[in-house]
**Q** 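Take a look at this one; I'll ask things after.
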Amino acid sequence: MMPEQVPLPPAALRLRCDTEALAANWTALDALSGAARAGAAIKADCYGLGVSAAVPALAAAGCRDWFVAHWQEATKAVRHVPAAQVSVLHGPMSDAEAAYAGALGVRPVLNSLAQVQRWLAAGGGPCDLMVDTGINRLGLPLAEIGDPAVAMLDIEICLSHLASSDEDCAQNALQLARFSAVRSAVRARRYSLCNSAGIALGADYHFDLTRPGLALYGGVPRSELAGSIAQVAFPEAAVIQVRDLVAGESVGYNGTFVAPAPMRVGVIAVGYADGYLRCWSGRGHVCWQDKLLPVLGRVSMDMTIIDLAGAENCGEGDWLGLEYALPEASSASGLSQYELLTLLGRRFARRE
Ligand SMILES: *Cc1c(COP(=O)(O)O)cnc(C)c1O
């Protein structure tokens, strides 16, 4: 038989996106945004969860404003939501990108006077404007918001981005004060300042629209949000071999774990190439039914070895869940909650 006539065997890695938890997180963040509406940051393939599973669930919950970083991501987003609801954060770097935004019908987020002029030269139309209030990343400097070209724009959303909203520090109030001044100086239909953590800073920060990303996908960037946010990403790996060790045998590269007694161990099909990085070596856990099974020794590229003590009926082909509640997983691994999500690689089967 030709290879194309034989079905591809199922993946030994899968990433379950709990779309009910995702929708509930959006609804909670929309309510916490008070009089403002919540949109959604869907860049990086919805922080690794997969646009095709996550975006329809968010749209069904009521979300109508979508933020991507790249033009390629905009192309994917418009398969699921109206182009007029999509903002492209990186802005038009060339005339070709400005033309592409116009043809696709998405809004470019203009980040500099050069981008403002490029957009006007391309014929203009609805756009967003990012103003830098202190992160010094993307955005028009405050000194340039009075430029006559800015007054010629048809701005849907005037936005800025908080640098330290996950901390209590003076920079938040400083950025708020600057953005309030921007609001008086730049004419737009809507104003937007907050990411996930910013929503917890209070009503003064909410303006017309908030832009949560991390918290939609189960991240808890500030303790105030802890009771409102549920886990969404559930990475799972199959057991591909079970073996019995005698006392004194070592496990994995460099033998960093040595069996103190006879042990039954399992090899699961996830490794650092999948974003399960070596920082989990000897630290991570996987779930089997109600039991937490520890990672033994080093994580390899494609495999991780776990202790099957207490999981006598777990065998080859069974699925184990990585312990991946984001705040706890971040403390255990030293990775940020953002990294934990976006690292999960392409070998995880996602619902398409
Ligand atoms: C990524 C991003 C967000 C979402 O931030 P979270 O911290 O994930 O909630 C909001 N606004 C902009 C401009 C972003 O780049």
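Both counts, for ligands and for their atoms, begin at 1 and track the order of listing. For the numbers below, each heavy atom of this structure counts, side chains included, while hydrogens, waters and symmetry mates do not.
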**Q** Flag the pair I157 / R107 as yes when at least one side-chain heavy-atom distance between them is below 4.5 Å, and no otherwise.
**A**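 A side-chain contact under 4.5 Å exists here.
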**Q** Listed by chain and number, what are the salt bridge (charged side-chain N to carboxylate O under 4.0 Å, His left out) partners of D204, not counting sequence neighbours?
**A**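 Here no residue qualifies.
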**Q** Ligand 1: which residues have a non-hydrogen atom closer than 4.0 Å?
**A**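 Correct list: A41, K43, Y47, L89, M130, R137, H161, N195, S196, R211, P212, G213, L214, Y338.
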**Q** Strictly by salt bridge (charged side-chain N to carboxylate O under 4.0 Å, His left out), give each pair with a member in residues 269-278 just once, sequence neighbours left out.
**A**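 Residue pairs passing salt bridge (charged side-chain N to carboxylate O under 4.0 Å, His left out), neighbours aside: D274-R347.
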**Q** Less than 4.5 Å apart, any side-chain heavy atom of H206 and any of I199?
**A**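 The answer is yes, as the side chains (C-beta and beyond) meet within the 4.5 Å cut-off.
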**Q** By salt bridge (charged side-chain N to carboxylate O under 4.0 Å, His left out), which residues pair with R211, not counting sequence neighbours?
**A**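 R211 satisfies salt bridge (charged side-chain N to carboxylate O under 4.0 Å, His left out) with no other residue.
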**Q** I'd like to check S165 versus N172 (side-chain heavy atoms, cut-off strictly below 4.5 Å). Are they in contact?
**A**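 Yes. Closest side-chain heavy atoms under 4.5 Å.
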